[in-house]
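Notes follow once the structure below has been shown.
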2 protein chains.
Amino acid sequence: MTPPDRKRTGLRDVATAAGTSVATVSRVLNNTGYFAEQTRARVLKATEELNYNPSLRAKGLRQKRSFTIGLLIPNLLNAYYTALADAISQLLTKAGYQLLLSSTRDDPVLEQATLRQMIGHDIDGLLWVPTVGDRKTVDILLSQNIPCVSIVRRVEGDRVDTIVFEDLAGSYAAVKNLLLLGHERIGFIGGDISYNSNNDRWLGYSKAIKDAGLEADADLVKIGTVRDTWGSIATDQLLHMKVPPTAIFAASNAIMPGVMKMLLQYQVAIPKEMSLICFDDLDWFTFSNPSISAVSISHERIAESAVALLLQRIESPEENKRPPVLMSISFELLLRKSSVAPRRSLPHWK
Amino acid sequence: MTPPDRKRTGLRDVATAAGTSVATVSRVLNNTGYFAEQTRARVLKATEELNYNPSLRAKGLRQKRSFTIGLLIPNLLNAYYTALADAISQLLTKAGYQLLLSSTRDDPVLEQATLRQMIGHDIDGLLWVPTVGDRKTVDILLSQNIPCVSIVRRVEGDRVDTIVFEDLAGSYAAVKNLLLLGHERIGFIGGDISYNSNNDRWLGYSKAIKDAGLEADADLVKIGTVRDTWGSIATDQLLHMKVPPTAIFAASNAIMPGVMKMLLQYQVAIPKEMSLICFDDLDWFTFSNPSISAVSISHERIAESAVALLLQRIESPEENKRPPVLMSISFELLLRKSSVAPRRSLPHWK
DNA sequence: CTGTTAGCGCATTCAG
DNA sequence: CTGAATGCGCTAACAG
C-alpha cells in the first residue's frame with residue numbers, strides 16, 4: 001500500500017468557483033431548502049466546469065447510509081445465480097443503489113469473512129444466498145440491524161425475510177410427470193441436502209414416489225456435492241445398477257453437463273432409453289437434440305420480490321419492524337422431448 | 001428515504017470499554033506505531049466483546065482509499081462475461097478489495113452515468129469492458145486519475161491499460177480450418193462491429209477468406225446487434241441464399257442458441273450439411289450432438305492479467321506513471337465434430 | 001435566501 | 001508508549 005495522491009474536487013472547490021458557500025452548493029445540488037434561482041445557475045455552472053462528482057462516501061457517512069447493497073451468492077459460474085445477479089443488478093441500479101458483489105464458494109468461513117467486510121462497508125441492505133444459514137452467522141448480521149433478505153435458501157429459524165422457489169412442489173411435479181408416463185424406476189441426482197433447497201427437491205421426489213405407491217429404492221437416489229464431475233459420477237452409478245432407472249431427474253442445472261456427457265459416452269438414447277428432466281431451465285435445453293424437459297423458475301420474479309422486500313425495509317422504519325416473511329415463487333413445468341414413456345427393452349449398455 | 005436509526009459500534013465505544021483512547025485502539029487494530037502489549041490485550045478483548053467492525057468507509061475517507069474496485073461489464077447473461085466476473089471477483093477478494101459491479105447493457109448513456117456513480121463511490125480502480133470507449137467517457141475517467149484497465153474491448157486511442165483476446169488471430173484460425181477442410185462458402189455471423197472485438201473477428205474472417213484466394217461474398221457476412229434473436233435471423237438468411245454456405249462461423253457464443261434453433265427448425269444436419277464453429281467455448285458444446293468446435297479463450301487468464309495490472313497501478317505510484325500497455329491473451333482451437341468437409345449434395349431444405 | 005459550524009468514524013500529527 | 005486535536009467531504013441544524 002502506498003500514499004494516495006489523487007485529489008478530488010470537492011464541494012469547497014465548487015463553492016469557491018461559484019462564489020458562495022458549501023452549504024448553498026449542497027442545497028442546490030440536492031435540491032433541498034431554499035436558494036435563489038440565480039445562485040443555482042452559478043453553482044450548476046461551476047459544477048459542470050469542474051466536472052464535479054459528489055463523494056457518496058462522505059455523504060453517506062454523514063447521513064448514515066451508503067447507497068450500497070451487498071449481494072452474497074455462491075458463485076457466478078452457474079446460470080442459476082448469474083440470472084439472479086443480473087436481474088438484481090438492474091433493479092438496484094434503477095433504485096439508485098450500487099451493488100457490492102461477493103461469492104461465498106459455499107464456504108461458511110469465507111462467507112462470514114465476506115459478510116464482515118460488507119458490514120464494514122456499511123451496506124444499506126443485503127441480498128443473500130446463505131451457505132448454511134447457521135445461527136452464528138445470522139447473528140452477526142442481525143446484531144448490526146442490517147435489513148436482509150435471504151434468497152433461494154433459508155436460514156435457521158427463518159429469522160430474516162426469505163424468498164425461495166417452490167422446490168418441493170416443482171420437484172414433485174417433475175417426478176409426478178415421469179410417473180404418469182409410466183416410469184417406475186426414477187433416478188434422482190441432487191446436491192448437498194444440508195442446503196434446504198436441495199433437501200426440498202429431494203423431499204419432493206421422495207413424496208412423489210411414495211404417493212405413487214412405489215417402494216423407495218435408496219440406490220436410485222444420488223446425493224452429493226455439486227461439482228462438475230458429480231453429474232457424471234452419479235449417472236455412471238445409475239447406469240450400472242442391476243436394474244437401472246428408466247428416467248433421471250436432475251435436481252440442478254449444474255448437474256446436467258455431467259449427466260449428458262455420461263449418457264453420450266454410453267450411447268444411451270434420450271428419450272428412448274432414458275427420460276430426462278431437470279430442475280431449472282437452461283437455454284440449450286430448447287435446441288438440444290432432443291429438447292430437454294425442465295422445471296422452469298423465474299429468476300426475474302425472485303429478484304423483483306427480493307429487491308422490493310429489501311427496499312421496503314431500508315426505506316421505511318415501520319416496515320423494518322415487521323416480522324420476517326417467507327415467500328415462494330411458483331414454477332412452470334416445461335414438458336419437452338426428453339421425457340416419454342419408459343423403454344420396454346433391456347438396457348443396451350449393460 | 002427515511003431517517004437512519006442503526007447505530008454502529010465505533011472506535012470510541014471500543015476505547016471506552018478498553019479504558020483507553022481511540023488513537024490507541026486505532027494503533028493496535030492497525031498494528032501501527034507503538035503500544036504496550038498489555039493495552040493490546042485489553043483492546044482486543046473489547047473489540048471482541050463489542051463485536052466491532054471497523055467502518056471501511058470512514059477509514060477510507062481518511063486515507064483516501066475505498067478498498068473497492070469497480071467492474072463495469074455489458075451484462076451478466078453471457079457466459080463470456082460471467083466467467084470473467086467470477087474470476088475477477090475471486091482475485092479481488094483475495095487481494096482484500098470489494099467488488100462494485102454494474103452492467104452497462106451496452107448503453108453508452110447508462111455507462112457514463114454508472115461510471116460517475118462509481119467515481120462518486122471513490123473506487124480505487126476500475127475494470128472495464130467499455131461500450132464504445134469514446135474520448136469523452138474516457139476523459140471523465142482519466143480526469144479523476146483513477147487507475148483503470150480495459151478488458152475485451154479497447155478504448156479510443158488506447159489511453160488506458162488494455163487486455164484483449166486475440167480476436168483477429170482466433171477468428172482467422174477458425175476460418176482457416178474450415179477452408180482447409182474444403183469449404184468455399186463460409187457464413188459469418190457476428191455482432192456490432194463498432195466494438196473492436198467484433199470488428200477484429202470480422203477482419204480475421206475476411207483475411208482468411210482473402211488469403212485463401214476466394215472472392216468475398218458480402219451476403220455471407222451477417223453483422224448485427226447481438227440479441228437472442230439475431231442468431232436465428234442471420235442463420236435463416238444464410239439458409240435462404242441462392243447458394244447457401246456449407247459452414248457457419250459464429251463470432252460469439254451469444255449467437256449460438258439462435259443458430260442452433262434455426263438449424264434444428266430446418267432440420268439441417270450438423271455437420272453433414274453444415275459445419276459449425278464458434279468463437280468462445282461453452283460447456284454444452286462438448287456434449288452437444290454433435291460436439292461443437294470452438295475457439296477457446298481463457299477467461300481466467302484475462303482476469304488475472306487485468307487484476308495484476310490494475311493492482312500494480314493502484315499500489316505503486318511509480319507504476320501508475322507508466323504509459324498504458326496493450327496485451328492480448330492467446331486462444332486455442334478446439335476442433336470437435338461440428339466441423340468436417342463440406343456437403344457434396346444440394347441442400348435439402350431449399 | 002445564505003453562511004458558519006458541528007460532527008459522521010476514523011487515522012494521524014503532535015505533545016506529552 | 002499514550003491521548004487530545006485535526007480533518008477527510010459532506011449534510012444538517014442554526015443563526016443571520
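This is a predicted model, so every value here is computed, not measured.
Each of B:Ser21 and B:Leu61 has a nearest nucleotide on DNA chain D; the 5'-most of these lies closest to B:Ser21. The residue among B:Tyr52 and B:Arg27 whose nearest nucleotide of DNA chain C lies closer to the 5′ end is B:Tyr52.
B:Val138 has its side chain out of reach of B:Arg135: every pair of non-hydrogen atoms, C-beta onward, lies at least 4.5 Å apart. In this structure, the side chains of B:Thr137 and B:Trp128 come closer than 4.5 Å at one or more pairs of heavy atoms. Side-chain contact between A:Ile88 and A:Ile151 is present, with at least one heavy-atom pair separated by less than 4.5 Å.
Ring to ring, A:Tyr81 and A:His299 are not that close: their centroids are 6.0 angstrom or more apart.
Residues B:Asp122 and B:Arg57 are not paired through a salt bridge, judged by the lack of any N-O separation under 4.0 Å between the basic side chain and the carboxylate. Here A:Arg159 pairs with A:Asp139 in a salt bridge; the nearest charged N to carboxylate O distance falls below 4.0 Å.
The side chain of A:Arg40 places no N or O atom within less than 4.0 Å of a non-bridging phosphate oxygen (OP1 or OP2) of C:dC1. In this model, the phosphate group of C:dT2 is approached by a side-chain N or O of A:Thr39 to a distance below 4.0 Å at OP1 or OP2. A sub-4.0 Å separation between OP1 or OP2 of C:dA11 and a side-chain N or O of B:Lys59 is present. Phosphate contact (OP1/OP2 of D:dG9, side-chain N/O of B:Lys64, threshold under 4.0 Å): present. Residue B:Gln63 has no polar side-chain atom (N or O) positioned under 4.0 Å from OP1 or OP2 of C:dC10. Close to D:dG3, at under 4.0 Å from its OP1 or OP2, lies no side-chain N or O of B:Tyr34. In this model, the phosphate group of D:dG3 is approached by a side-chain N or O of B:Thr24 to a distance below 4.0 Å at OP1 or OP2.
Side-chain proximity of B:Arg8 to D:dC10, C:dC1, C:dG9: nearest is C:dG9. Of the candidates C:dC10, D:dC10, D:dT2, D:dC10 carries the atom nearest the A:Ala58 side chain, counting heavy atoms from C-beta on.
Nucleic acid contact for A:Thr32: none, since no nucleic acid atom lies under 4.0 Å from a heavy atom of the residue. Here B:Ala23 lies in heavy-atom contact (under 4.0 Å) with a base. Looking at heavy-atom distances under 4.0 Å, B:Leu11 makes contact with sugar-phosphate atoms alone, never a base. Using a 4.0 Å heavy-atom criterion, one finds that B:Ser26 contacts the bases of the nucleic acid, with or without backbone contacts as well.
In this entry the distance linking CZ of B:Arg12 with P of C:dG9 reads 7 Å, nearest Å. Whole-Å rounding puts the A:Leu56 CG to D:dC10 P distance at 9 Å. To the nearest angstrom, C1' of C:dC10 lies 11 Å from CG of B:Leu29. Spacing between atom CG of B:Asp122 and atom P of D:dC8 amounts to 14 Å, rounded to whole angstrom units. Rounded to an integer number of Å, the gap from CG of A:Asn30 to P of D:dA13 is 14 Å. Taking atom CG of residue B:Asn31 and atom C1' of nucleotide C:dA11, one finds them 15 Å apart after rounding to whole Å. In this structure, the CZ atom of A:Arg42 is 12 Å from the C1' atom of C:dC1, given to the nearest Å.
In this structure, B:Arg40 is not positioned above the aromatic face of B:Phe35 in the sense of NZ or CZ being under 6.0 Å from the six-membered ring centre and within 45° of the axis.
The base of D:dG9 has none of its N or O atoms less than 3.5 Å from a complementary donor or acceptor on the side chain of B:Arg62. With hydrogens and angles left out, the side chain of B:Arg57 and the base of D:dG9 share no donor-acceptor pair within 3.5 Å.
For the pair A:Thr16 (side chain) and A:Arg12 (backbone), a donor-acceptor distance under 3.5 Å is present. For B:Arg322 (side chain) and B:Arg313 (main-chain N/O), no donor-acceptor pair under 3.5 Å exists by modelled atom type.
The C1' atoms of five pairs define one axis at each end of the helix from C:dC1-D:dG16 to C:dG16-D:dC1, and these two axes lie 50° apart (to 10°).
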